[in-house]
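Order of the sequence lines sets the chain letters (A, B, ...), proteins ahead of strands, with each chain counted from 1. Treat the numbers as computed from the prediction; the structure is a model and nothing was measured. When reading the values below, keep in mind they use all heavy atoms of this one structure, side chains included, and skip hydrogens, waters and symmetry mates.
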Amino acid sequence: MLSRVANSIYWMTRYVERAENYARLMHVNFNVMLDALPGLKQQWEPLVDTTGDREIFLNLYGHFSRDNVIKFMTFDVRNRNSILSCLETARENARSIRENISTELWEHINEFYLFVKGIFQSNQWPFIDLISFFNAVRKNSHMFFGIMEGTLSHSESWHFARTGLFLERSDKTARILDMKYYILLPSVQEVGMSLDLLQWNAILKSASAHEMFYKKYRQLTPLNIADFLILDREFPRAIYYCVRQAREHVGRISGSHTWDRYTNDAEKKIGTLCSELEYRSIQEIFSAGLHEYLDHIQRELNLCDDAIYETFFAAKEY
Amino acid sequence: MDIRKYDTQGFYDEMFTERGEVRPHYQCLYQRLLELSKEELLRRKAAAEKALVSLGITFNTYQHGNREETVLPFDIIPRIVSAKEWGQLERGLRQRIYALNLFVQDIYAEKKILKDGIIEPELIYSSPGYLKPCEGLRPPRGIWIHICGTDLVRHQDGSFYVLEDNLRVPSGVSYVLENREIMKRTFPEVFERLSVRPVSDYPMRLRSLLHYLSGQDNSNVVVLTPGIYNSAYFEHSFLAQQMGVELVVNTDLIVHDGEVKARTTRGLKKVDVIYRRTDDTFLDPLVFRPDSLLGIPGIFEVYRRGKVALANALGTGIADDKVIYAYVPKIIRYYLNEEPIIPNVETYVCVNEKECQYVLDNIEKLVVKSANMAGGYGMLIGPHSSQAECEKFKELIRKNPRNYIAQPVISLSRIPTITEESFEGRHVDLRPFVLYGEDIYVMPGGLTRVALRKGSLVVNSSQGGGSKDTWVPAETYAK
């Protein structure tokens with residue numbers, strides 16, 4: 001397939017997945033706020049820190065109020081990662097490769113974008129039920145991937161779409177988990193106490209991992225949660241699971257079998273990261289520092305993205 | 001909203017005779033319109049509009065430097081052309097594309113028509129549509145004009161005339177196909193009873209045509225678009241999708257080893273046929289406009305050597321120059337020894353001194369058009385223009401007579417159209433699409449463009465025009 005088309009499909013799914021994860025983050029923050037002990041200061045700053053867009057935010061808004069953060073992360077098109085921006089980019093990508101995707105998928109992303117844009121343009125967004133709104137974003141994203149599964153041939157372009165989806169998701173799970181690092185607790189004594197657990201619980205919900213977690217673990221401990229979200233082999237939002245999926249898809253794109261040696265840089269990069277996760281234990285990760293490890297994972301994921309670009313999308317000289 | 005209260009206001013009306021009787025081929029639709037309540041009609045209209053937005057059938061317009069995606073306004077009252085009348089149009093369109101193709105072939109080869117003095121050579125060589133690099137070119141299968149969209153209008157006298165030929169990259173066919181899908185939902189009852197002839201096979205016919213050009217079944221066919229900001233991008237993408245071929249932009253293609261190739265995730269892949277929607281002179285910066293950012297350097301040479309087929313061929317613009325248009329009846333007689341089946345609108349060519357004088361003397365009664373502008377730009381409608389505007393055009397004509405033609409004002413037939421509260425007459429034209437491959441195919445129907453602004457005669461989408469579905473009932477239909 002055309003390199004440009006592969007590139008657009010890859011980013012189309014990445015951006016839809018990103019929009020979904022932003023909706024998750026916002027949603028969970030609302031939950032934490034609502035569950036918070038009376039008198040506790042609302043925290044919107046960690047949300048922005050998690051996304052890595054702190055600087056852009058401060059330049060645009062100056063201070064972290066509820067409405068500022070919601071607007072920045074949801075509707076502000078000056079933030080190219082806001083939900084609206086993500087959907088706009090995803091739709092624009094879809095539009096540029098419309099002949100490669102099904103009509104159903106195009107119609108859905110088009111309507112999805114128009115829905116979010118409509119809410120923003122109505123100027124009613126500060127007054128609507130935002131929890132329902134974020135739920136709707138999540139559901140629309142699920143529908144998008146459902147339509148993709150059901151109407152796109154599972155050929156090369158689909159493998160690119162899935163690669164984009166899983167790399168994006170693993171990055172966002174890392175960030176969601178890292179959010180805990182940024183949320184302040186009122187005092188050192190609170191660590192390990194109920195508020196702390198409440199926040200960990202919210203992190204799980206953010207990753208839609210609540211039920212699946214409790215099926216596997218009886219105890220809600222930071223170690224268990226991190227183990228589940230980073231190293232689980234079966235949970236579809238766990239980092240390891242996602243990276244392994246991405247490796248699988250890149251392998252299919254490259255036409256190599258699992259027992260073959262890698263054939264290009266993309267395969268090499270993702271394969272290496274995958275192996276690292278495969279043999280890592282959660283104790284090792286904690287003793288190195290969870291935040292540091294998550295940082296490392298995010299950097300490696302960026303390098304995977306670079307390798308994919310160089311291998312499949314970049315215009316080469318002939 | 002009562003169709004019985006509709007007033008033709010003395011115009012030729014597609015649905016009603018001058019005595020106010022319903023024309024027979026509209027009877028079935030008329031009955032249906034009587035049965036439907038105002039609410040139901042407006043509901044169907046709203047549903048049709050919503051479908052257009054969801055499908056994302058938009059075109060780009062630019063205002064104050066901002067790109068706006070606009071939906072082409074659509075009116076749900078279809079235009080119906082009777083089977084008998086269509087038969088005549090179809091024959092006329094075949095005749096025209098066949099003759100024009102012979103003309104283009106002749107111009108870039110033997111030039112018999114110039115030698116025989118039918119057209120002054122100067123008219124050809126001064127046309128921006130004439131491309132010198134195409135001299136001696138012989139495109140695959142000897143076909144130059146593969147896809148043609150001819151604009152027809154119906155005058156007050158009830159006859160159809162050809163207003164202009166679009167032989168380069170005519171657009172609008174995607175609206176025909178999408179409008180039809182929407183109309184099937186809007187008036188299923190009428191649609192069925194009239195057994196409207198289908199248009200949905202157009203993409204497959206276009207695809208066969210493109211394969212035919214390469215002479216091989218497994219050829220790699222692509223659609224080349226100037227990009228997502230082009231006003232007709234939707235159509236480019238739509239046609240590629242419907243044909244199941246790749247849509248490419250210029251940077252996807254590269255000339256390599258004497259062939260045109262596409263950059264893919266697995267290296268380069270040869271391209272055999274390009275349905276290009278980029279204008280001729282933007283295609284190859286090495287041969288035509290060096291400033292073109294939309295071209296593929298070196299593609300012309302590959303084309304010349306027959307290693308890639310282009311549809312339409314380069315250089316066809318010579319035959320839709322508005323001055324050459326005036327000569328089409330002569331062209332038909334010259335090559336086919338036949339009378340034109342669909343007449344031209346009477347046309348004054350300003351390069352002819354006598355005709356030019358007539359135009360200058362009668363400008364307020366005429367429509368003046370620039371020879372090489374499209375989309376309703378660069379024209380003057382005399383009766384609707386101020387003294388100052390007329391003077392300005394007179395000056396333009398005197399300065400560059402080669403660039404202007406004039407025609408009497410064609411009133412354009414009208415047809416009932418839904419406005420806020422009632423049915424009102426709006427002016428329409430008709431753009432049927434013709435494919436010239438192994439044989440000539442005329443799509444039954446075409447794009448009916450409607451001037452939605454009250455009283456307006458300009459149907460172009462860039463100037464407040466909309467569209468309607470066009471129905472051609474099968475030969476025998478239920479009354």
Side-chain angles (χ1 to χ4, degrees), chain A residues 1-10 88-89 91-115 117-118 151-153 155-160 163 249-250 252-256 263-264 266 308-318, chain B residues 50-60 67 69 71 174 177-178 181 203 207 220-230 233-257 259-269 271 275 298:
Chain A
M1 66 188 300
L2 290 176
S3 298
R4 174 184 54 84
V5 172
N7 192 8
S8 297
I9 286 192
Y10 172 85
E88 190 174 355
T89 314
R91 173 183 180 266
E92 207 61 5
N93 273 308
R95 208 164 87 86
S96 72
I97 51 160
R98 193 159 152 170
E99 71 292 346
N100 279 282
I101 58 178
S102 61
T103 304
E104 287 94 326
L105 193 60
W106 157 253
E107 267 186 66
H108 178 71
I109 184 72
N110 188 38
E111 284 172 352
F112 187 5
Y113 163 72
L114 293 174
F115 157 68
K117 191 178 171 193
T151 64
L152 231 60
S153 287
S155 58
E156 197 182 354
S157 52
W158 179 75
H159 290 299
F160 274 110
T163 306
H249 288 294
V250 170
R252 291 291 294 276
I253 292 164
S254 312
S256 47
T263 57
N264 56 52
I308 287 175
Y309 176 82
E310 284 302 328
T311 308
F312 302 113
F313 308 150
K316 298 179 189 68
E317 295 295 324
Y318 288 97
Chain B
K50 183 163 179 293
L52 286 171
V53 176
S54 285
L55 289 165
I57 306 177
T58 56
F59 63 99
N60 294 321
R67 182 170 67 90
E69 275 180 45
V71 174
S174 57
L177 300 173
E178 291 289 24
E181 287 311 305
R207 184 179 167 151
N220 186 15
V221 173
V222 299
V223 177
L224 172 66
T225 174
I228 62 168
Y229 300 116
N230 184 271
Y233 176 75
F234 163 71
E235 175 156 310
H236 308 159
S237 151
F238 177 83
L239 287 174
Q241 184 190 40
Q242 294 292 308
M243 290 193 285
V245 305
E246 201 79 58
L247 180 72
V248 302
V249 297
N250 66 319
T251 48
D252 292 328
L253 300 182
I254 178 176
V255 171
H256 181 254
D257 274 352
E259 291 173 333
V260 177
K261 292 178 181 171
R263 300 174 189 275
T264 78
T265 52
R266 292 177 190 168
L268 297 179
K269 186 181 176 201
V271 171
Y275 175 32

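A/Y309 has its ring centre no less than 6.0 Å from the ring centre of A/Y10.
Using a 4.5 Å cut-off between heavy atoms, B/L239 makes no contact with chain A at all. Contact of A/F313 with chain B is not made at all, since no heavy-atom distance falls under 4.5 Å. Of the atoms belonging to A/L114, it is side-chain heavy atoms, and not backbone ones, that fall under 4.5 Å from chain B. Neither the backbone nor the side chain of B/F238 comes within contact range of chain A; no heavy atom of the residue lies under 4.5 Å from a heavy atom of that chain.
Distance check, rounded to the nearest 0.5 Å: NZ of B/K261 to CG of B/L253 gives 12.5 Å.
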For residues 244-251 of chain B, run the donor-acceptor check on the side chains, cut-off 3.5 Å, and write out each pair with its distance to 0.1 Å, sequence neighbours left out.
| unit_1 | atom_1 | unit_2 | atom_2 | d |
| --- | --- | --- | --- | --- |
| B/E246 | OE2 | A/N100 | ND2 | 3.3 |
| B/N250 | ND2 | B/L293 | O | 2.9 |
| B/N250 | ND2 | B/G295 | O | 3.0 |

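A/Y113 meets the ring pair (Phe, Tyr, Trp, His ring centres under 6.0 Å) test with no other residue; sequence neighbours excluded.
Taking chain B as the reference chain and counting heavy-atom pairs below 4.5 Å, the highest number among A/E111, A/R98, A/R91 is found for A/R98.
Within a 6.0 Å radius of CZ in B/R207, more than 12 heavy atoms belonging to other residues, nucleotides or ligands are found.
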